[in-house]
Amino acid sequence: MGTVLELRNLTIEAATARGTQVLVDAVDLTLEGGEILGLIGESGSGKTTTVRSVLGLLDRNVSVASGEVVVLGEQVQAPGRQNVDRVRGRHVGMVFQGASSSLNPLMRVRRQLREVVRTHLPKLSAEERDTRIAHVISRMGFTEVDRVLDSFPHQLSGGMRQRIAIALAVVTEPEVLITDECTSALDVTTQAEVVDLLGSLTAGSGMGTVFVTHDLMLASEICDRIAVMYAGQIVEMGTAKDVVHRPRHPYTRALLAAIPSWDGGEIKAIDGAAPRITEDWTGCRFAPRCPRAEQICTTGQVPWVEVPGGDHARCHFALENDRGEAFLPASSQA
Ligand SMILES: Nc1ncnc2c1ncn2[C@@H]1O[C@H](COP(=O)(O)OP(=O)(O)OP(=O)(O)O)[C@@H](O)[C@H]1O
């Protein structure tokens, strides 16, 4: 289906009163049409900044310092260059936490959808536009299409509103869908419905979805691949199955250990906090909190290690567990 989004060696910095802070550091990611890529990590790890760069929505003091963002083969972000307007809304759709950020409370759903289609697909006739709108609403799982289209947002439940927000994002049939904590404000049942919906919209389509969440278990349910972010870097990248069942980075293992009832055992919070990253930082960012850290981890570059099976981890000890024992081959761990 082809690559729809690439982040190449993307570094994003913020100018702050305390000097330059590196928010996203040399991130490489690709998204294929038809796949869901999870971007997960603790609050402050740089997930939102990463995806906002794709949408051209960085804060005024934040900018791309090096690298590039490429959508459908076209560079849309690079240092001193931003060309996002052509793709945003038309080729890149977005859904954020809480539908209220994308819905206009004063407009009926039908009018909101019409405005999006009119803006991004001006050549469609009124009839084609309305056919597309009715179609997208039924794809969202609504059976009473007209009733939903004639509603104001406040007349719908939270889960329905979030599905309308998704409809607004996909009505133009974008190749890239960015979702940022789009299920966080929902109860568990509604969350599952929205996750299923994203799965069915993406699978087998030409659209790739980036699913940003702090919830590793939720990501493992919906995503094909998962990228784990820590202090601005991708520290592990692999298939969802491998990242959850054979985590290669101590941070990923710590995230899993912090999940209630993951293995029925004790929940272990990750002590300490992620460091503030400046341009002269060296060594592994997780080393101060890592149970496996040794002297080598505190200086120099940390290698991006390919592990058998094709996944990657940014760790000197990616081939060992926290006790320093070599991992068994995947085939013997089932
Ligand atoms: N405009 C800004 N100026 C300075 N620092 C910023 C700015 N915006 C974000 N940051 C910092 O960048 C880091 C990454 O923030 P970001 O929101 O991308 O993380 P996140 O992983 O998405 O977290 P969350 O889940 O809480 O949204 C944080 O330390 C944050 O404080």
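Numbers here simply count residues along the sequence, with the first being 1. In each ligand, atom 1 is the first atom listed, and ligand 1 is the first ligand listed. As a basis for the values below, the full set of heavy atoms in this structure was taken, side chains included, without hydrogen atoms, waters or symmetry mates.
For atom 30 (C) of ligand 1, no protein non-hydrogen atom is found at a distance below 4.0 Å.
Near Ala14, with a cut-off below 4.0 Å to any heavy atom, the atoms of ligand 1 are 3 (N), 4 (C).
Counting heavy atoms closer than 4.0 Å to ligand 1, residue Met229 contributes nothing at all.
By the 3.5 Å distance cut-off applied to N or O atoms, Gly46 is counted among the residues near ligand 1. Any N or O atom pair closer than 3.5 Å counts here, and Leu23 shares no such pair with ligand 1. Polar contact with ligand 1: present for Ser45 (N/O pair, distance under 3.5 Å). Considering backbone and side-chain N/O atoms, Asp59 comes within less than 3.5 Å of an N/O atom of ligand 1.
Among protein heavy atoms, atom 25 (O) of ligand 1 sits closest to Lys47 NZ, 3.2 Å. What sits closest to atom 3 (N) of ligand 1 on the protein, heavy atoms only, is Asn61 ND2, 3.0 Å.
A distance-only check finds a donor-acceptor pair linking the side chain of His312 to the backbone of Gly310 [under 3.5 Å]. The closest donor-acceptor contact from the side chain of Lys241 to the backbone of Arg246 lies at 3.5 Å or more, if one exists at all.
For atom 22 (O) of ligand 1, the choice among Thr49, Val212, Thr48 with the nearest heavy atom turns out to be Thr48. Counting only non-hydrogen atoms, the option in Gly44, Ser53, Ala274 that gets closest to atom 13 (C) of ligand 1 is Gly44.
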Legend entry - Full working for salt bridge (charged side-chain N to carboxylate O under 4.0 Å, His left out) between Arg225 and Asp311: CA-CA 10 Å; Arg225 291 184 301 138; Asp311 295 351; over 6 Å; no
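One distance of note links CZ of Arg110 with CZ of Arg129; it measures 11.0 Å at 0.5 Å rounding.
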